[in-house]
Amino acid sequence: RKAYFKMSMQYHPDKNPEGKDMFVKINKAYEFVSSKEARAAEGPDAENIILILKTQTILFRRYNEVLQPYKYAGYPMLLITIKREVEDENLFSSSVTMLNSACELAHHTVACSVLNAEEMRREGGIEVLAQALSRCISVISRETTDDAVAVKVCTSVLRCFAAAAHFEECRARFAEVPNIARDLSRCLWLKGASALTMAANDCVCAFSVSSALQTQLLEAGVLWHLVLLLLNYDFTLDESNVERDEKSHQQEFANKNAKAALKALCCMGGFKDVGEGATPANAGIQAAVSALITPYLANKLKEGTPEVVLKLLNSNSENPYLIWDNGSRAELTDYASKQQERVIKTGEQDPGFGAQFVFTCHRDELILGGVFVRVYNEQPSYPITEPSQVTMKLLAFIINEAQYFLSAANVKTQGSEVDETKRARRAQGVVQAIQALRNVIRANQGVEVACKGSFKLLFALLSLAEFPALQQMTLEVIAAVCGTQACVADISEASVLVYILFTLQTLPSGRPTALECLHAMASNGKIVNEAINKGALIYLLDLFANSPNAQVREAT
């Protein structure tokens, strides 16, 4: 009143002819602030409430360390505000909405203090925010951008959930509201809202501390969205060192979201189960990821080098552990896109979550110990990470196949029919495996001792004269192991020298290798006695006298 009288005297038309307009404004303002009826009719000013909410948000963002010991007392009114806004039928048609400011404040209060996270949970804030998320995600199209109010609300809610998920009680409550995982999955489906996608990726990471939430995220279809985000990465942009505007450069956003998606995938599957950022290992998710991006790249997730994995995923490569090209990417993109569309439209997806997925280019490959055998034979100098394990896998395959061939040979001897086409095809696989065994033994000293106990069946392959390539590769493996006394001693116990003598007659091209094996094994007295008893002297004299190859005569 005092200010009114002072200003009305100053701008009264009788004293100030130029103050007429201001005098009218002063009177209207005085009438409004002094009228209780006017206040009751208009209700609270939404813009003023928004200013209050934003002011508190700024305080919690700037002074979170100072405010950390204190509990935020405004949750009851804040949650009522959010709930009323969500229930407003004209929410998105109104020129002023408090929902985004209220959800943003909820995020910053929770991020500030564990006391606030617990208080919000007790007040039912998780359920209220989940309703806000569902309401807003229902009006967002796939191309909606981050500027839309509904997108801003979803972003604030997910950031709030990510902050609250650091606390066990909050995670337990999240697991009780299954719609949260579904709506989070839908946020990852959007293409035009990069900030929302980033918030959703962070939320997946935070939720993945809980095994129950990991499963809910998988069932909600999060896996397909993350895989497709990985395939949007362009490694040439990161390697170019060209200056770019992050706000307008779409590929820059795509690269950031691809890195965030890779981190989310790692957390969701529990690929890092020790140290900082560790999450529970989830066997189902790990199996699905291994099938979708290959076991080699899935193992790379544990190494914590996202740029390396993303570059491999988005370039062409062929090595003993990875066959990956444009066709592989196109096949994965097509499969994941169909699953993504299916889960968005119907809520259904592959019951195995892709764990049975096989790339077309891998179907005809022999894969043992995670190694593409054909490629390894083409690149024998490529370092094998676990040579002992690969040696055991190769041996197990070879021994199993050897039993098949010996059985088939017996059946054939008895006059029964044998599928020769199938037999020839399997022989090719055995040749590949034996060649790989030779390569891994040559490149990794000490792994040959794994062959001990297998020489009886291994030598028996030399009897398959109809497969000369198989005989030759088997001889080369035997030559590779004969440099180890432990292996020679085991060969002497198996009494298999006769097979070497057999190849001297049936495999002329393999005679130099067979003689090399005999020379190496001659250091063992038991083998020498066996050679004498089996008539080795006759075989050697025959070669010495009749072989047209001077090198063979000299070796004899």
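Annotation: Glu169, atom CD; neighbour count of heavy atoms from other residues, nucleotides and ligands within 6.0 Å is above 12. Open room surrounds NE2 on His166; 12 or fewer heavy atoms of other groups in view lie less than 6.0 Å from it. Within a 6.0 Å radius of NZ in Lys259, other residues, nucleotides and ligands contribute more than 12 heavy atoms. More than 12 heavy atoms of other shown residues, nucleotides or ligands fall within 6.0 angstrom of atom CD in Glu143.
Here the straight-line distance linking atom CG of Leu129 with atom CD1 of Ile180 works out to 8.5 Å at 0.5 Å rounding. Once rounded to the nearest 0.5 Å, the distance linking CD1 of Ile140 with SG of Cys187 reads 6.5 Å. Here the straight-line distance linking atom CG of Asn314 with atom CG of Leu230 works out to 8.0 Å at 0.5 Å rounding. Between atom CG of residue Leu229 and atom CG of residue Leu262 there is a gap of 11.0 Å, rounded to the nearest 0.5 Å. Taking CD of Gln428 as the reference point, atom CZ of Arg426 lies at 13.0 Å (rounded to 0.5 Å). Rounding to the nearest 0.5 angstrom, the gap separating the OH atom in Tyr382 from the CG atom in Asn439 is 15.0 Å.
A side-chain hydrogen bond (donor to acceptor under 3.5 Å, both in side chains) with Trp224 is found for exactly one of Gln339, Gln340, Gln349, namely Gln349. In summary, of the residues considered (Asn100, Leu196, Thr145), a side chain to side chain contact (heavy atoms under 4.5 Å, CB included) with Val151 occurs for Leu196 alone.
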Show your reasoning for whether ring pair (Phe, Tyr, Trp, His ring centres under 6.0 Å) applies to Phe161 and His107. CA-CA 8 Å; Phe161 284 170; His107 160 228; over 10 Å; no

Go through Thr506 and Thr503 one step at a time and tell me if the side chain to side chain donor-acceptor pair (under 3.5 Å) criterion holds. CA-CA 5 Å; Thr506 62; Thr503 58; 5.8 Å; no

Working note: Leu133 + Leu158, criterion side chain to side chain contact (heavy atoms under 4.5 Å, CB included); need CA distance, chi angles, decisive distance, verdict. CA-CA 8 Å; Leu133 179 63; Leu158 291 182; 4.1 Å; yes

Can Asn232 and Asn257 be said to form a side chain to side chain donor-acceptor pair (under 3.5 Å), step by step? CA-CA 9 Å; Asn232 290 331; Asn257 278 322; over 6 Å; no

Evaluate the criterion side chain to side chain contact (heavy atoms under 4.5 Å, CB included) for residue pair Val390 and Asn444; output intermediate values, then yes/no. CA-CA 11 Å; Val390 173; Asn444 302 275; over 6 Å; no

Run the salt bridge (charged side-chain N to carboxylate O under 4.0 Å, His left out) check on Glu127 and Arg173 step by step: do they pass? CA-CA 9 Å; Glu127 290 81 356; Arg173 186 63 62 86; 3.0 Å; yes

Test side chain to side chain contact (heavy atoms under 4.5 Å, CB included) on Val430 and Phe405 and set out the steps. CA-CA 10 Å; Val430 179; Phe405 279 103; 3.6 Å; yes

Step by step, would you call Ile441 with Cys451 a side chain to side chain contact (heavy atoms under 4.5 Å, CB included)? CA-CA 10 Å; Ile441 289 173; Cys451 296; 4.1 Å; yes

What's the verdict on side chain to side chain donor-acceptor pair (under 3.5 Å) for Arg329 and Asn326, showing C-alpha distance, side-chain angles and the deciding distance? CA-CA 5 Å; Arg329 273 189 301 280; Asn326 294 335; 2.3 Å; yes

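The two residues Ser208 and Gln214 come nearest to each other via the heavy atoms O-NE2, 3.1 Å. Nearest heavy-atom pair across Leu394 and Ala433 is CD2-O, 3.8 Å. Summarising the geometry of Val204 relative to Met268, their closest heavy-atom pair is CG1-SD, 4.2 Å, with the distance given to 0.1 Å. Looking at every heavy atom in both residues, Val309 comes nearest to Lys300 through CG2-CB, 3.5 Å. Taking all atoms of both residues into account, the shortest heavy-atom contact from Ala514 to Ile500 is O-CG2, 3.9 Å. Contact record, Asn319 with Phe372: O-CD1, 4.2 Å, taken as the closest heavy-atom pair.
Contact check on Asp334 versus Lys338 returns a salt bridge, with a Lys/Arg side-chain nitrogen under 4.0 Å from an Asp/Glu carboxylate oxygen. Of the charged side-chain nitrogens involved, at least one lies within less than 4.0 Å of a carboxylate oxygen, so that Glu466 and Arg423 count as a salt-bridged pair. Using a 4.0 Å cut-off between a side-chain N of Lys or Arg and a carboxylate O of Asp or Glu, Glu219 and Arg182 do not qualify as a salt bridge. Ion pairing of Glu307 with Lys311 is absent here, as no side-chain N (NZ or NE/NH1/NH2) approaches a carboxylate O to less than 4.0 Å.
For the residue pair Asn255/Gln251, the side-chain donor-acceptor check at 3.5 Å is satisfied. Under the 3.5 Å distance criterion, with hydrogens and angles disregarded, a donor-acceptor pair is assigned to the side chains of Asp183 and Ser134.
The shortest side-chain heavy-atom distance between Thr215 and Ile285 does not fall under the 4.5 Å cut-off. Contact of the Thr155 side chain with the Val153 side chain is not registered, since no non-hydrogen atoms from C-beta on lie closer than 4.5 Å. With contacts defined as side-chain heavy-atom distances shorter than 4.5 Å, the pair Arg171/Val209 qualifies. Residues Leu217 and Leu223 fail the side-chain proximity criterion, which asks for heavy atoms closer than 4.5 Å. Between Met120 and Ile126, the closest side-chain pair of non-hydrogen atoms falls below 4.5 Å. The closest side-chain heavy-atom distance from Val496 to Tyr499 is below 4.5 Å. In this structure the side chain of Leu265 never reaches within 4.5 angstrom of the side chain of Cys267, judged on heavy atoms. Using a 4.5 Å heavy-atom cutoff, the side chains of Arg159 and Asp202 are not in contact.
With Trp189 contributing its side chain and Ile344 its backbone, the two residues share no donor-acceptor pair below 3.5 Å. A donor-acceptor pair is defined here as one N or O able to donate and one able to accept, closer than 3.5 Å; no such pair exists between the side chain of Ser290 and the backbone of Ala287. With hydrogens and angles disregarded, a donor-acceptor distance shorter than 3.5 Å links the side chain of Asp490 to the backbone of Gly453. At distances below 3.5 Å, at least one donor-acceptor pair connects side-chain atoms of Thr144 with backbone N or O atoms of Ser141. Within the 3.5 Å criterion, the main-chain N or O of Pro295 finds a donor-acceptor partner in the side chain of Asn299. Proximity of a side-chain donor or acceptor of Glu331 to a complementary backbone N or O of Thr360 within less than 3.5 Å is detected. Counting only distance, with no hydrogens or angles, the side chain of Thr197 and the backbone of Ala193 share a donor-acceptor pair below 3.5 Å.
Here Tyr321 pairs with Tyr296 under the ring pair (Phe, Tyr, Trp, His ring centres under 6.0 Å) rule; sequence neighbours left out.
Note on ring orientation: taking the six-membered ring where Trp is involved, the planes of Phe357 and Tyr335 are parallel (angle under 30°, cut-offs 30° and 60°).
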Side chains of residues 475-485: which donor-acceptor partners sit under 3.5 Å, not counting sequence neighbours?
{"unit_1": "Glu476", "atom_1": "OE1", "unit_2": "Arg438", "atom_2": "NH1", "d": "2.3"}
{"unit_1": "Glu476", "atom_1": "OE2", "unit_2": "Gln472", "atom_2": "NE2", "d": "3.2"}
{"unit_1": "Thr484", "atom_1": "OG1", "unit_2": "Glu448", "atom_2": "OE2", "d": "2.6"}

